Undergrad: 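Here's a structure for you.
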Amino acid sequence: MNKTLFILCNELVRTITRPSFIVSLLVFPFIMALVVFISSSQETTASSPAISALTGQMDIMREGYIDHSGVIRTLPPDIDEQTLVAFPNVESANQALADGLISGYYDVPEDFISTGTINYIRADYNPLSGLENSAMFRNVLDFNLLDQDIEITNRFWTPIQAEEIALEMSASRDATNPMNYLIPYFIGLILYVVIISSASLLLNSITTEKENRVMELLMSSSSPMQIMNGKILALGVIGLVQTLVWSGSGLIVLNLFNQQSQLGGLMQIPLSLIVWVVVYFLLGYAIYAALMAGVGALVPNMREASQATMLVVMPLLLPLILSPSFSMTPDNTLSVILSLVPFTAPVSMITRLAAGSVPVWQLVLSILLMVITAMMITRAVAGMFRAQSLLAGQTFKLTLFFKALVGKV
Amino acid sequence: MQPIFVDKIQKNFGKTCAVDEISFAVNNEEIFGLLGPNGAGKTTAIRIILDIFKADKGSVSILGGPMTEEKKDHVGYLPEERGLYQDMPLDRCLIYMAGLKSLSVSESKTRLTKYLDRFELAAYRSKKVKELSKGMQQKAQLIATLIHEPEVVIIDEPFSALDPVNTQMVKDLLDEERKKGRAIIMCTHQMHQVEELCDRLVLIDHGRAMLYGTLEEVRNRYATQDILVNTSARLPLKITGVERVVDMNAHKKLVLKPGITAQSVLADLVRMKVAIEHFEIALPSLEEIFIQVVTEGVAKS
């Protein structure tokens with residue numbers, strides 16, 4: 001077997017059998033599911049069985065109402081009188097509430113038509129389980145206001161089922177919808193985490209071999225380039241799997257919870273974004289993995305690497321900090337510049353793509369610049385990845401690292 | 001064809017000359033001692049032979065030419081700085097090492113079982129390397145060096161951390177490898193092991209080769225006119241040509257005056273009817289030669 005391939009396979013097995021890797025691969029989708037679950041609960045407090053479970057109420061609670069306005073003449077056909085009980089006066093309703101027969105009741109005042117105000121009375125204060133069936137009671141009111149016509153009521157609730165056809169690729173952003181910046185931020189964050197964690201795995205792998213003193217043995221069997229290529233490719237594959245698992249599970253989770261209609265920003269994210277995420281992961285990883293390999297070649301151990309690592313990852317962190325601004329105005333000058341600069345492009349461009357559309361020329365230029373940069377850095381790092389550096393136990397110096405990068409060592 | 005031929009290699013690190021025009025050759029069926037004090041340039045010379053470092057000057061021929069990636073599979077190396085993947089189970093670690101020498105996994109497993117049995121490590125094959133004792137790790141490292149049956153073996157301090165039983169086992173193993181026709185370079189500071197095992201040697205000091213040849217040649221070169229004698233009766237007080245007599249544990253050492261030969265002293269002793277039980281030209285031990293060469297080197301520098 002080719003030695004690069006052999007080192008690649010060994011690196012793959014070593015990494016994916018590590019419990020910490022398996023845990024991190026699974027924990028992220030779990031956290032994402034939890035976040036979506038909680039956000040969905042805020043949208044569908046009344047109807048979601050999930051939130052009912054969260055609040056300890058497995059069944060829809062029985063509620064009551066008192067109608068002083070005379071609007072409610074009959075209940076819609078899908079709501080029975082056991083679920084929503086009519087009370088003639090406050091005293092009887094309070095008695096039922098005190099006896100635990102109902103969880104609360106709606107009091108519709110006489111001036112409801114002019115004010116639109118109703119009161120909801122419950123026994124105690126509970127921020128999570130208040131207004132259990134408010135959507136249902138609104139349905140009751142709408143049904144009666146619309147002359148008990150169930151079809152018109154249904155149309156009133158879901159008036160249109162619009163299919164979007166965009167004539168222009170630029171997206172307009174709704175500043176009031178938090179999802180418009182949260183979703184691009186999370187996608188940028190995923191990419192940042194995957195690139196940095198994969199590149200850090202590479203750094204860790206090299207320094208571990210130095211600390212275990214196996215580097216000399218490896219080099220008596222294979223060349224430094226074979227070692228570097230094997231490791232970079234292996235951890236790239238692992239990072240790619242991580243990217244696909246994390247972003248794929250993210251979409252699955254969103255679909256499972258039927259969030260697309262409620263998270264307005266998500267409607268503008270095409271499935272093709274995953275393809276872009278993969279492309280920018282590969283290019284971003286190529287740049288940052290090569291940089292980390294260079295750091296790994298020069299440091300004697302992981303502790304010495306920490307200072308260098310912070311500086312190396314800084315450019316990738318910058319667009320993440322600026323992400324809210326990118327999301328709301330994806331075409332501003334700073335966003336465009338950062339999405340073209342190869343070191344900031346992965347997170348910047350993906351954030352912009354998640355927030356809206358990006359002109360094709362910018363995508364092409366950014367990819368081209370990243371390819372050139374990755375090639376140049378890999379070449380420079382290959383020079384650092386030689387026996388003398390790998391076997392030396394010298395203290396890491398940042399100036400030496402940058403000099404080595406520009407080929408002056 | 002000599003499997004290892006080193007021709008005037010030189011290596012500088014900045015202004016320091018680590019290896020200065022060293023030349024030697026190693027034959028098949030030979031254990032060759034590469035000796036020298038700490039920092040003499042032995043490890044650098046080995047790394048040049050293995051193509052880990054490039055020589056600034058000179059050349060190395062391995063198995064008939066420059067080192068190639070393919071030839072690396074025919075070389076076994078036990079470095080001075082022992083290294084194994086501490087968090088890996090022993091068998092997986094050694095199979096990986098064997099794989100790096102292009103040995104198939106199935107073949108590696110078969111050979112590994114034999115080696116683990118021989119080195120009494122079979123019970124520890126699934127243990128993580130870090131759970132093994134230093135001696136066990138040393139034996140594991142030797143397995144990694146030999147498992148792919150290399151034609152050229154380079155071992156640095158093979159006896160460190162080994163008890164006498166395991167030391168003898170490793171000696172037997174090296175002797176077997178020699179008989180199989182391997183060319184073996186052995187670095188060690190244990191001079192009695194060199195005397196026992198090595199056919200030829202080179203002594204390096206300050207990057208330069210100070211001695212080179214067979215063990216006999218080197219010892220003869222440093223031999224003095226002194227004689228070791230053992231007699232059943234007391235030695236006469238005055239022996240012609242003897243400057244002084246030094247008591248040693250088993251023998252008496254006769255230090256001769258300049259120009260006097262051992263034969264003339266022997267003739268004198270016979271003439272005086274001294275009952276001689278043992279008569280030997282006092283050759284210096286390798287350790288004495290080592291100390292003398294290195295001390296002289298320090299004095300010169």
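Source: prediction; values computed, not measured.
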Undergrad: For the CG atom of B:Asp156 and the CD atom of A:Glu216, what is their distance to the nearest 0.5 Å?
TA: 8.5 Å
Undergrad: I want to check something: taking the side chain as every heavy atom from C-beta on, are B:Lys101 and A:Ser220 in contact at a cut-off of under 4.5 Å?
TA: yes
Undergrad: Is it the case that more than 12 heavy atoms not belonging to B:Arg208 sit under 6.0 Å from its CZ atom?
TA: no
Undergrad: Please walk me through it: do B:Ser102 and A:Lys3 pass side-chain contact (heavy atoms from CB on, under 4.5 Å)?
TA: CA-CA 8 Å; B:Ser102 302; A:Lys3 282 187 187 167; 3.8 Å; yes
Undergrad: Name, in order of residue number, those residues of residues 55-78 of chain B that have a heavy atom at a distance of less than 4.5 Å from a heavy atom in chain A; otherwise write 'none'.
TA: B:Glu69, B:Lys72, B:Asp73, B:Tyr77
Undergrad: Are the side chains of B:Leu100 and A:Ile7 in contact, using a 4.5 Å heavy-atom criterion?
TA: yes
Undergrad: Under 4.5 Å, counting heavy-atom pairs only, tell me which of B:Asp51, B:Ile154, B:Leu50, B:Leu84 racks up the most with chain A.
TA: B:Leu84
Undergrad: Decide if atom CD of B:Glu107 counts as having more than 12 heavy atoms of other residues, nucleotides or ligands within a radius under 6.0 Å.
TA: yes
Undergrad: Please round to the nearest 0.5 Å and tell me the distance separating atom CG of A:Leu217 and atom CD of B:Gln141.
TA: 5.5 Å
Undergrad: Do B:Asp87 and A:Arg18 come within less than 4.5 Å of each other through their side chains, counting heavy atoms only?
TA: no
Undergrad: So do the side chains of A:Asn10 and B:Met88 get within less than 4.5 Å of each other, counting heavy atoms only?
TA: yes
Undergrad: Check this for me: B:Tyr124, atom OH, are more than 12 non-hydrogen atoms of other residues, nucleotides or ligands nearer than 6.0 Å?
TA: no
Undergrad: Which donor-acceptor pairs under 3.5 Å do side chains of residues 225-236 of chain A form with protein atoms, sequence neighbours excluded?
TA:
{"residue": "A:Gln226", "atom": "OE1", "partner": "A:Ser223", "partner atom": "N", "Å": "2.9"}
{"residue": "A:Asn229", "atom": "ND2", "partner": "A:Met225", "partner atom": "O", "Å": "3.3"}
{"residue": "A:Lys231", "atom": "NZ", "partner": "A:Glu11", "partner atom": "OE1", "Å": "3.0"}
{"residue": "A:Lys231", "atom": "NZ", "partner": "A:Ser205", "partner atom": "OG", "Å": "2.8"}
{"residue": "A:Lys231", "atom": "NZ", "partner": "A:Glu209", "partner atom": "OE1", "Å": "2.8"}
{"residue": "A:Lys231", "atom": "NZ", "partner": "A:Glu209", "partner atom": "OE2", "Å": "2.9"}

Undergrad: Decide yes or no for A:Leu218 and B:Tyr96: does some side-chain heavy atom of the first lie under 4.5 Å from some side-chain heavy atom of the second?
TA: yes
Undergrad: Between B:Arg92 and chain A, with a heavy-atom cut-off of 4.5 Å, which part of the residue counts as in contact: side chain, backbone, both or neither?
TA: side chain
Undergrad: Could you walk me through whether A:Met219 and B:Arg47 pass the side-chain contact (heavy atoms from CB on, under 4.5 Å) test, one step at a time?
TA: CA-CA 10 Å; A:Met219 279 189 295; B:Arg47 286 174 177 172; over 6 Å; no
